[in-house]
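Input: a single structure, listed below in structure tokens.
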Amino acid sequence: EIGTQETVGIIGPNGSGKTSLFNCISGFNELTGGQVLLDGVDVTSKPPAVRARTGIGRVFQNFGIFREMTVMENMLAALEAHVSLWSTFVPWQKTSQQHRARALEYLREVKLEGKADERASSLSGGQMRLLEIIRTLAFDAKVFLLDEPTAGVSPKMKDDVAELIRKLQTLGKTVLVIEHDINFIQKFCNRIVVLDSGQVVLDDTPERVRADARLREIYFGS
């Protein structure tokens with residue numbers, strides 16, 4: 001159970017079930033038991049696209065951006081997919097202009113406005129990660145599932161990713177972060193869940209998790 005506006009780190013060795021957990025939440029894996037509830041609404045039988053529209057945003061480990069599209073086009077894809085009912089009555093040209101202006105506002109948040117018309121494939125690993133997270137924000141996700149957001153990211157860009165996650169916190173978003181770097185996630189998480197072989201082994205504050213002998217046993221053996 002994750003509380004609204006809570007930020008929780010998910011750690012564990014390879015094969016412990018971290019990404020499988022995200023697949024179950026977002027609808028890519030079919031559950032053999034249990035339920036997935038979002039704000040009390042059962043979405044267990046809903047496909048991934050429907051879950052996304054209800055507020056579940058997924059950022060994949062292997063970069064889910066559209067590399068052959070420009071940075072701006074990536075943002076517009078998210079904004080146009082989240083067009084509200086009232087905007088269907090606004091002339092297309094005006095709506096398009098509004099979306100582009102809004103997209104630039106989001107890109108400024110991650111210092112990518114200067115690359116708006118460049119192909120997304122030209123970005124560094126860290127910039128791609130920032131684009132993917134800010135694009136998910138533009139889609140107005142309530143719950144963010146971040147699968148190893150620092151994978152392939154330089155040490156300097158890790159700080160930028162952490163800053164963006166803190167931004168999500170200030171906006172009242174619920175965030176789940178899969179990471180191997182406990183030093184990274186304890187910058188913004190007040191709770192860490194440790195998985196091993198598909199089971200929750202630890203669920204506590206970062207300080208208590210780090211001090212628990214079971215954590216060392218999971219990673220290095222008894």
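Numbers for residues simply follow the sequence, beginning at 1. Worth knowing before you read on, the calculation uses all heavy atoms, side chains too, and leaves out hydrogens, waters and symmetry mates.
Qualifying side chain to side chain donor-acceptor pair (under 3.5 Å) partners for N62, counting only residues two or more places apart in sequence or in other chains: none. The side chain to side chain contact (heavy atoms under 4.5 Å, CB included) search around Q169 returns T7, R166, F188, not counting sequence neighbours. With sequence neighbours excluded, no residue forms a ring-ring contact (aromatic ring centres under 6.0 Å, His included) with Y219. Take R108 and apply the side chain to side chain donor-acceptor pair (under 3.5 Å) test, not counting sequence neighbours, and it matches no residue. Considering only residues two or more places apart in sequence or on other chains, F144 meets the ring-ring contact (aromatic ring centres under 6.0 Å, His included) condition with none of them. Applying the side chain to side chain contact (heavy atoms under 4.5 Å, CB included) rule to S154 yields the partners K156, M157; only residues at least two apart in sequence or on another chain are considered. Applying the salt bridge (Lys or Arg N to Asp or Glu O under 4.0 Å) rule to D117 yields the partners R100; only residues at least two apart in sequence or on another chain are considered. When the side chain to side chain contact (heavy atoms under 4.5 Å, CB included) test is applied to N23, the partners found at least two apart in sequence or on another chain are T19, F28, N29, R58. R119 pairs by the side chain to side chain contact (heavy atoms under 4.5 Å, CB included) definition with E68, S121, not counting sequence neighbours. Not a single side chain to side chain donor-acceptor pair (under 3.5 Å) links E1 to another residue, sequence neighbours left out.
Sorted by first then second residue, the salt bridge (charged side-chain N to carboxylate O under 4.0 Å, His left out) pairs that include residues 5-16, not counting sequence neighbours, are E6-R191.
The pair R102-E105 meets the salt-bridge criterion, with a side-chain N (NZ, NE, NH1 or NH2) lying under 4.0 Å from an Asp/Glu carboxylate O. Ionic pairing of D160 and K111 is not present here: no N-O contact between side-chain nitrogen and carboxylate oxygen is shorter than 4.0 angstrom.
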(Q) Test side-chain contact (heavy atoms from CB on, under 4.5 Å) on L137 and R135; report intermediate values, then the result. (A) CA-CA 5 Å; L137 179 61; R135 188 184 63 178; over 6 Å; no

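Under the side chain to side chain contact (heavy atoms under 4.5 Å, CB included) test applied with L215, the options V201, I11, I192 reduce to a single match, I11. Of the options L104, I134, L131, a side chain to side chain contact (heavy atoms under 4.5 Å, CB included) to L112 is made by L131 and by none of the others.
No more than 12 heavy atoms of other residues, nucleotides or ligands sit less than 6.0 Å from atom CD of E163.
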Check: residues 170-180 side-chain donor-acceptor pairs under 3.5 Å, at least two apart:
unit_1	atom_1	unit_2	atom_2	d
T170	OG1	K167	O	2.6
K173	NZ	A141	O	2.9
T174	OG1	Q5	N	2.8
E179	OE1	T150	OG1	3.4
E179	OE1	D181	N	3.2
E179	OE2	T150	N	3.3
E179	OE2	T150	OG1	2.4
H180	NE2	N14	OD1	3.4
H180	NE2	E148	OE2	3.4

